[in-house]
Amino acid sequence: MTSPRDQTLLQEIFENSPAFIAVLHGPEFIFEKCNPKYYEIVGHRDIIGKKLIDAIPEIVGQPFIDILTRVLETGLPFYADEIPVDLMRKPGGTLETRYVDLVYQRIMDHEGKLNNILAHGVDVTDKVNARMKQEEADRLFRTFADAMPHMAFIADPVGNITFFNKRWYQYIDGMEGTEGWGWKEKPIHHPDDLQRTIDRWTHSLKTGEPYEIEYRLRRHDGVYRWHAGRAVPYKNHKGEITSWIGTNTDIHEMKEHEGVLKEIQVELEASLQARDEFLSIASHELRTPLTALKLQSQSLHRKLEKGMSQEISMERLKSMVGITERQIGKLTHLVDDMLDLSRIQSGKLTYKFESADLVEILKDVTERMEEQFSVAGSRLNVRLPEKLILKLDRFRFEQVFVNLLTNALKYGKGSPVHVELSESQNKALLSVQDEGIGIAPENLELIFNRFERAVSANEISGLGLGLYITQQIVESHGGKIWVESELEKGSIFKVELPL
Ligand code: ADP
């Protein structure tokens with residue numbers, strides 16, 4: 001039994017409860033009692049004393065009458081969270097879906113029989129709507145994130161990645177465990193980029209500065225592609241970072257073009273430097289015979305003036321002219337080399353092919369150079385066949401021999417030089433061997449490039465053009481040239497020509 005005081009208290013709770021409460025009687029669920037909240041939810045209809053289906057006719061077709069019947073028959077209470085119910089909030093108005101947390105419970109009626117139901121619940125529509133709105137926004141975001149061509153991610157304020165879009169999973173072919181900080185344990189970042197990535201990411205998380213980086217990410221087929229990683233902090237209305245939103249954009253092609261551009265730039269700089277070096281060496285090389293010529297001419301001048309009173313011997317004059325001619329020869333050679341270089345560069349080095357005897361050409365050249373060899377204290381050993389007829393440019397081949405013999409003299413330290421020409425298997429083979437300074441293995445191929453030298457200009461002067469031009473000529477005749485050598489053990493240059 002409840003006291004009148006309790007009665008009043010209960011009545012007060014009933015009236016002011018934030019929950020809706022109604023008492024329904026019997027199998028037809030006649031409204032016995034409702035509180036103001038209940039009236040509010042059913043649109044303030046006049047329902048007391050009426051059957052449920054008359055009071056709220058839109059209830060027909062919804063599951064509530066069945067549920068109420070079961071509770072009344074079995075006595076088992078019914079609980080539901082966020083159950084939708086369609087209600088008319090105004091008489092004659094349209095139906096509106098409300099969500100309610102609901103309890104139906106069988107209780108005693110005034111006769112003490114278990115014939116009443118207490119319907120009791122809370123309208124949670126606003127909460128449910130807000131959540132659905134959020135879910136809808138999330139869905140929209142995910143669709144958006146999946147549709148974009150970049151890889152995208154969201155991380156919490158301490159850097160745990162809570163979301164990756166589809167592109168990411170496609171890129172790594174669904175590899176598991178990359179969320180959170182898992183990615184750093186997986187074979188995704190290039191080993192050379194990983195630590196830098198962790199450092200940069202940690203720095204941004206600590207400072208709130210935008211995250212920007214370029215790194216290589218391993219695609220599922222094992223190929224590393226360059227990506228630009230970016231992330232910006234997302235702040236709430238209080239200015240606190242609540243998440244990080246990031247993307248990875250493929251910049252591989254761009255990066256590669258950058259690389260090519262850099263290479264071109266390096267090449268350009270190298271060739272500019274080579275040009276400057278060449279100019280400085282070339283002027284030095286030209287200067288030397290010019291100075292000698294000048295001295296020669298001054299000395300001759302003096303002699304001629306003296307000659308007024310004194311005789312100059314014929315011998316002396318001859319020797320002076322000889323020296324002058326040698327210097328002019330050197331100058332001519334240098335200028336010819338430079339001209340040939342520019343002709344090769346512009347593709348204008350042309351050949352006049354004719355049938356010629358290689359033996360004859362070699363004899364000519366060696367005879368002409370004999371004096372030079374003896375002046376240098378060297379000796380020429382020549383072994384030639386009777387005849388070797390080839391189709392070639394006579395002038396250019398003279399140049400080849402002169403170059404090889406001049407080098408053997410220059411770098412041969414006065415050792416004897418052996419020249420041999422032979423024929424076998426439809427090929428002519430020429431070798432020029434000295435016993436001089438030799439060539440280090442790493443330079444054996446390099447020396448055939450223009451301007452490349454294996455000695456410094458201070459030791460033995462030269463432009464580094466002779467072998468380059470020689471190789472061009474030999475190759476234009478379908479032949480090849482190479483050198484076999486060891487440092488300090490002399491060199492043997494070989495030229496092979498098809499017959
Ligand atoms: P240059 O003699 O003007 O330097 P070359 O193109 O004729 O130019 O030769 C290139 C380089 O090859 C030389 O600077 C020298 O280092 C090396 N070289 C050429 N011939 C010989 C040789 N017979 N012995 C040793 N080194 C040689």
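One-based numbering, in listed order, for ligands and for the atoms of each. These figures come from a predicted structure and were not determined experimentally.
- Here the two rings, on His150 and Tyr171, have centers that are 6.0 Å apart or farther.
- Salt-bridge check for Arg368 with Glu398: passed, with a basic side-chain N closer than 4.0 Å to an acidic carboxylate O.
- At the top of the distance list for atom 17 (C) of ligand 1, counting protein heavy atoms only, stands Ile447 CG2, 3.9 Å.
- Under 3.5 Å, the side chains of Glu435 and His418 contain a donor-acceptor pair of N or O atoms.
- Heavy-atom distances between Gly436 and ligand 1 stay at or above 4.0 Å for every pair.
- A centroid separation of less than 6.0 Å is found between the aromatic rings of His477 and Phe353.
- Side-chain atoms of Glu209 and His203 form a donor-acceptor pair, as typed in the model, at a separation below 3.5 Å.
- One option in Val417, Asn407, Leu409 has a heavy atom closer to atom 20 (N) of ligand 1 than any other, and that option is Asn407.
- Taking only nitrogen or oxygen atoms, main chain and side chain alike, Arg453 reaches within less than 3.5 Å of ligand 1.
- Remark: ligand 1 and Tyr468 share no N or O pair separated by less than 3.5 Å (distance only, no angle test).
- Between Arg98 and Asp123, at least one side-chain N (NZ, or NE/NH1/NH2) sits under 4.0 Å from a carboxylate O, which counts as a salt bridge.
- Only the backbone of Glu452 comes within 4.0 Å of ligand 1, judged by heavy-atom distances.
- Selection from Val483, Ile439, Leu405 by nearest heavy atom to atom 26 (N) of ligand 1 gives Ile439.
- Residue-ligand proximity: Phe493 is placed with a non-hydrogen atom under 4.0 Å from ligand 1.
- Annotation for ligand 1: atoms under 4.0 Å from non-hydrogen atoms of Lys410 are 1 (P), 2 (O), 3 (O).
- Using a 4.0 Å heavy-atom cutoff, Asn403 is absent from the residues neighbouring ligand 1.
- Contacts between Ala454 and ligand 1, counted as non-hydrogen atom pairs separated by less than 4.0 Å, involve both the backbone and the side chain.
- The residue among Gly464, Gly490, Ala440 with a heavy atom at the shortest distance from atom 1 (P) of ligand 1 is Gly464.
- When the options Leu467, Thr406, Ile469, Leu487 are ranked by their closest heavy atom to atom 6 (O) of ligand 1, first place goes to Leu467.
- In summary, the atoms of ligand 1 found under 4.0 Å from a heavy atom of Leu465, numbered by their order in the structure, are 6 (O), 8 (O).
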Let's go through Glu420 and Lys494 carefully: what are the C-alpha distance in whole Å and the side-chain angles of both, what is the deciding distance for salt bridge (charged side-chain N to carboxylate O under 4.0 Å, His left out) to 0.1 Å, and is it a yes or a no? CA-CA 10 Å; Glu420 195 176 330; Lys494 292 188 175 174; over 6 Å; no
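- The closest side-chain donor-acceptor pair between Thr470 and Asn403 falls under 3.5 angstrom.
- Near Gly438, meaning under 4.0 Å from one of its heavy atoms, ligand 1 places the atoms 25 (C).
- Relative to the six-membered ring of Trp168, Lys166 misses at least one condition, a distance below 6.0 Å or an angle of at most 45° to the axis.
- For the residue pair Trp244 and Pro157, the shortest heavy atom distance occurs at NE1-O, 4.0 Å.
- Atom 23 (N) of ligand 1 has Asp434 OD2, 2.9 Å as its closest protein atom, hydrogens excluded (heavy atom only).
- Of the polar atoms of Gly466, at least one N or O is found under 3.5 Å from an N or O of ligand 1, judged by distance alone.
- For Phe141 and Phe163, the ring centers sit closer than 6.0 Å to each other.
- Of all protein heavy atoms, the one closest to atom 13 (C) of ligand 1 is Tyr411 OH, 3.3 Å.
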